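Bear in mind that the values here come from a model prediction, so they are computed numbers and not experimental data.
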Amino acid sequence: MKTLGLSSLAACMYVLGLSCMGMVSESYRTPHSELDLERSDLGTDPEASAHSSEGYRKGASSQSQGKASECRRCCDTEEEPPRYPQSFQVVPQINITILKGEKGDCGQRGQYGKAGKTGNTGPRGPSGMKGSKGSIGTPGDPCKTYYSAFSVGRKKALHSNEYYQPLIFDTEFVNLYNHFNLFTGKFFCYVPGVYYFNLNVHTWNQKETYIHLMHNEQEAVILYAQPSDRSIMQSQSVMLDLEQNDEVYVRLFKGERENAIFSDDFDTYITFNGYLIKAKSEG
């Protein structure tokens with residue numbers, strides 16, 4: 001009796017193990033997709049394939065629902081498996097170029113940007129063609145040349161007094177346009193510009209020689225010689241920028257000491273010269 005009971009218990013356990021193995025294997029079975037079912041060798045007839053695939057889907061869904069309620073692993077998630085779309089939808093494509101509108105009007109011109117840096121000088125370009133000869137212009141003003149010059153001398157000696165004495169000249173060598181007045185001993189400027197002047201005198205032995213060359217009332221240069229045992233020739237020269245009506249002349253210093261210039265009434269020992277270098281109107 002005990003032996004029969006043990007054998008019956010072993011048989012029940014064996015049957016229960018086989019059933020559990022079948023359920024576990026069924027739960028790990030991977031479901032096929034619709035595309036795999038369509039590609040399977042179920043037959044060439046499309047209607048039969050559609051019916052068989054639909055039946056398979058229904059059976060598989062029922063089996064999965066039943067088996068899921070019967071047995072589920074604790075590590076399985078509760079999320080449903082991904083569902084594949086039943087059919088592809090045709091999405092229409094639109095040509096954007098067809099929808100392009102008409103060209104608009106030009107906008108207003110924007111402000112100028114900042115000036116850029118100056119670039120390097122480029123190479124010189126080729127020479128152009130020779131132009132045609134221009135027309136003759138109007139005749140210009142006639143060229144005006146200005147002159148002014150004088151050269152005078154004195155044959156008489158002169159001694160100093162208690163006042164300044166202007167030198168009066170008695171000999172005229174050159175007096176262009178009479179710009180030099182022999183009676184006053186002064187040169188009057190009628191042509192403004194730059195002039196050159198030169199003075200030459202003969203000293204008296206044992207006497208001092210002290211002479212000023214004057215520009216209006218201002219001493220321009222001085223001719224001076226100390227007393228000596230013999231008389232000698234002394235010279236002084238200068239250039240002056242004169243305006244119209246300026247005066248240039250020579251005067252003897254007043255007699256604080258014996259001051260004189262020599263001459264013998266026959267020969268000319270004293271000369272005074274001047275001439276225009278460049279007129280101011282010539283630029």
Side-chain angles (χ1 to χ4, degrees), residues 139-161 163-205 207-228 230-255 258-283:
D141 297 333
C143 181
K144 295 181 180 180
T145 305
Y146 298 94
Y147 299 98
S148 180
F150 72 92
S151 179
V152 293
R154 180 184 174 96
K155 296 182 178 181
K156 294 181 178 181
L158 183 63
H159 294 268
S160 62
N161 291 325
Y163 54 90
Y164 294 105
Q165 299 181 74
L167 265 68
I168 304 301
F169 296 89
D170 50 29
T171 303
E172 182 181 86
F173 300 106
V174 174
N175 191 7
L176 195 60
Y177 307 120
N178 293 320
H179 290 176
F180 189 87
N181 191 335
L182 288 175
F183 296 101
T184 60
K186 294 182 179 181
F187 168 77
F188 290 91
C189 177
Y190 294 98
V191 182
V194 178
Y195 286 79
Y196 174 82
F197 297 96
N198 171 258
L199 174 64
N200 298 286
V201 298
H202 196 284
T203 64
W204 203 303
N205 57 346
K207 292 184 181 181
E208 188 178 46
T209 302
Y210 198 173
I211 299 175
H212 293 154
L213 194 150
M214 303 294 294
H215 178 197
N216 294 328
E217 299 299 324
Q218 182 68 34
E219 299 91 349
V221 291
I222 296 174
L223 188 150
Y224 178 77
Q226 293 181 346
S228 176
R230 40 179 201 164
S231 58
I232 57 174
M233 293 294 298
Q234 293 284 349
S235 178
Q236 181 64 281
S237 58
V238 67
M239 282 195 299
L240 297 176
D241 188 4
L242 303 182
E243 299 294 339
Q244 191 171 3
N245 298 325
D246 281 356
E247 296 179 352
V248 179
Y249 60 97
V250 180
R251 74 178 184 183
L252 190 66
F253 193 76
K254 57 186 178 181
E258 277 199 78
N259 183 16
I261 52 177
F262 174 80
S263 186
D264 58 4
D265 297 335
F266 297 102
D267 298 320
T268 304
Y269 288 91
I270 305 167
T271 59
F272 183 35
N273 312 291
Y275 58 88
L276 175 66
I277 296 177
K278 184 177 182 181
K280 187 169 291 185
S281 60
E282 297 178 5

Donor-acceptor side-chain pairing of [X] and [Y] below 3.5 angstrom:
{"X": "His159", "Y": "Asn259", "value": "no"}
{"X": "Thr271", "Y": "Asn200", "value": "yes"}
{"X": "Glu208", "Y": "Tyr224", "value": "yes"}

Can I get a per-line list of side-chain donor-acceptor pairs under 3.5 Å for residues 272-281, giving both atom names and the distance, sequence neighbours left out?
residue, atom, partner, partner atom, Å
Asn273, OD1, Ser151, OG, 2.5
Asn273, ND2, Asn198, OD1, 3.3
Lys280, NZ, Glu243, OE1, 3.2
Lys280, NZ, Glu243, OE2, 2.3

Side chains of [X] and [Y] in contact at under 4.5 Å (non-hydrogen atoms):
{"X": "Asn175", "Y": "Val152", "value": "no"}
{"X": "Ser237", "Y": "Tyr196", "value": "yes"}
{"X": "Val248", "Y": "Met214", "value": "no"}
{"X": "His212", "Y": "Val250", "value": "no"}
{"X": "Ser148", "Y": "Tyr195", "value": "yes"}

Taking the side chain from [X] and the backbone from [Y], do they hold a donor-acceptor pair closer than 3.5 Å?
{"X": "Ser263", "Y": "Lys155", "answer": "yes"}
{"X": "Asn161", "Y": "Tyr163", "answer": "no"}
{"X": "Thr203", "Y": "Ile232", "answer": "yes"}
{"X": "Asn216", "Y": "Gln218", "answer": "no"}
{"X": "Glu247", "Y": "His215", "answer": "no"}
{"X": "Asn205", "Y": "Ser231", "answer": "no"}

Within a reach of under 6.0 Å around [atom1] of [X], are more than 12 heavy atoms found that belong to other residues, nucleotides or ligands?
{"X": "Tyr147", "atom1": "OH", "answer": "no"}
{"X": "Gln226", "atom1": "CD", "answer": "no"}
{"X": "Met233", "atom1": "CE", "answer": "yes"}

Return the minimal non-hydrogen interatomic distance between [X] and [Y], and the atom names on each side.
{"X": "Val174", "Y": "Ala149", "value": "CG1-O, 4.1 Å"}
{"X": "Ile168", "Y": "Gly185", "value": "CD1-N, 4.0 Å"}
{"X": "Thr171", "Y": "Phe173", "value": "CG2-CZ, 3.8 Å"}

What do the steps show when you test Trp204 against Thr209 for side-chain contact (heavy atoms from CB on, under 4.5 Å), and what is the final call? CA-CA 7 Å; Trp204 203 303; Thr209 302; 5.5 Å; no
Enter the distance from [X]:[atom1] to [Y]:[atom2] here, rounded to the nearest 0.5 Å.
{"X": "Phe262", "Y": "Asp267", "atom1": "CZ", "atom2": "CG", "value": "9.0 Å"}
{"X": "Lys156", "Y": "Ile270", "atom1": "NZ", "atom2": "CD1", "value": "11.5 Å"}
{"X": "Leu213", "Y": "Leu199", "atom1": "CG", "atom2": "CG", "value": "6.0 Å"}
{"X": "Gln244", "Y": "Tyr190", "atom1": "CD", "atom2": "OH", "value": "9.5 Å"}
{"X": "Thr184", "Y": "Lys186", "atom1": "OG1", "atom2": "NZ", "value": "6.5 Å"}
{"X": "Leu182", "Y": "Arg154", "atom1": "CG", "atom2": "CZ", "value": "12.0 Å"}

Determine whether the aromatic ring centres of Phe188 and His179 lie less than 6.0 Å apart. no
Verify whether the ring centers belonging to Tyr249 and Phe187 lie closer than 6.0 Å. no
Does the cation-pi check pass for Arg251 over Tyr164, that is, NZ or CZ under 6.0 Å from the six-membered ring centre and within 45° of its axis? yes
